[in-house]
**Q** 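Dropping the structure in here first, questions after.
If you're wondering where the values come from, they're calculated on a predicted model, not measured in any experiment.
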Amino acid sequence: MSEPIAGVGFATLLAGATPFNAGNVNDTYRAQVLLGDGRIAMAIVKDLDQRQLANELLASTLAKAVGLPTPDVYLAVVRPAILPLSKAPALQDGNRIAFASADVRSPSVVFRYRENPSLEASLLQAISSWGGLGR
C-alpha cells in the first residue's frame, strides 16, 4: 500500500517575523508559526497574491506526490497587527492568508547557483545522482 501524500497544513503566524532577501521576488520573512496540532515551528512566510499562492500550493503538492524532498507547507493566518501584508488574500475579519513553508535552513538549488555559478557542474552532478530522480 502506498503512503498518503502529505497535504497542506494550517498555521497561525506568531509575533517576531524577520524580513530577509535572498533574491526573493516577494516580501519574505523568517518566522515562527503555531501549527494546528499545537506545535511551534520555524517557517519561511511569503506575501503572495492569490495566483502566486495557488501556484506555490500546486507546485508543493505535485512535488510531494512524486516524492521530491520538499518542505512541508501551510496556509498561515496572519493578523495585521502581527505583520502587515499587502498582497496576501484578505479574509472578512481583516486577517490575511499567507504561504508558509517549513524553514529547513538549506538554500535552494536556484539560490546556490545564483550565488556561485561556478557550482553548476557539482549541482548538476548532485541532482543527476539523486536516487529518486527517475521516479
**Q** Check whether any side-chain heavy atom of I97 lies under 4.5 Å from a side-chain heavy atom of V78, and answer yes or no.
**A** no
**Q** When you measure from the side chain of D47 to the backbone of K87, do you find a donor-acceptor pair of N or O atoms at a distance under 3.5 Å?
**A** yes
**Q** Do the side chains of L53 and Y74 join up, straight or via other hydrophobic residues, at under 4.5 Å, putting them in one cluster?
**A** no
**Q** Count I, L, V, M, F, W, Y as connected when their side-chain heavy atoms are under 4.5 Å apart, and connections chain through other members. Are F99 and Y29 then in the same cluster?
**A** no
**Q** Tell me, with the steps shown, if V77 and L13 meet side chain to side chain contact (heavy atoms under 4.5 Å, CB included).
**A** CA-CA 6 Å; V77 174; L13 184 72; over 6 Å; no
**Q** Just to verify, what does R30 make a salt bridge (Lys or Arg N to Asp or Glu O under 4.0 Å) with, not counting sequence neighbours?
**A** D103
**Q** Run through the side-chain heavy atoms of Ile, Leu, Val, Met, Phe, Trp and Tyr, join any pair under 4.5 Å, and report what else lands in I40's cluster.
**A** L14, L34
**Q** Between F20 and T18, is a side chain to side chain contact (heavy atoms under 4.5 Å, CB included) present by the stated rule, with each step listed?
**A** CA-CA 7 Å; F20 76 94; T18 305; 6.0 Å; no
**Q** If you measure from the Lys or Arg side-chain nitrogens to the Asp or Glu carboxylate oxygens, is any gap between D72 and K64 under 4.0 Å?
**A** yes
**Q** Going by heavy atoms in the side chains, are V8 and S60 under 4.5 Å from each other?
**A** no
**Q** Roughly how far, to the nearest 0.5 Å, is CG of N24 from CG of N21?
**A** 4.5 Å
**Q** Taking all atoms of both residues into account, what is the closest heavy-atom pair of K46 and A98, and its distance?
**A** O-CB, 3.7 Å
**Q** Taking only residues two or more places apart in sequence, or in another chain, which ones meet R39 in a side-chain hydrogen bond (donor to acceptor under 3.5 Å, both in side chains)?
**A** D37
**Q** May I ask whether L85 and L75 are part of the same hydrophobic cluster, defined by side-chain heavy atoms of I, L, V, M, F, W, Y residues being less than 4.5 angstrom apart, directly or through others?
**A** no
**Q** Judged by atom type as modelled, is there a donor-acceptor pair below 3.5 Å linking the side chain of S128 to the main-chain atoms of Q125?
**A** yes
**Q** Any heavy-atom pair between the side chains of R79 and T12 that's under 4.5 Å?
**A** yes
**Q** Can you check whether P19 reaches D27 side chain to side chain, under 4.5 Å on heavy atoms?
**A** no
**Q** If you compare all heavy atoms of R96 against all heavy atoms of A90, which two are closest, and at what distance to 0.1 Å?
**A** CG-CA, 4.1 Å
**Q** What is the minimum heavy-atom distance between G94 and P80, and which atoms define it?
**A** O-CG, 3.4 Å
**Q** Please report the shortest heavy-atom distance between A100 and A43, naming the atom on each side.
**A** CB-CB, 4.3 Å
**Q** May I ask you to decide if L48's main-chain N or O and N26's side chain share a donor-acceptor pair within less than 3.5 Å?
**A** no
**Q** Quick check on the hydrophobic clustering: are L91 and L57 connected, directly or via other members, by side-chain heavy-atom contacts under 4.5 Å?
**A** yes
**Q** In this structure, would V73 and I44 fall into the same cluster of hydrophobic residues linked by side-chain contacts under 4.5 Å?
**A** no
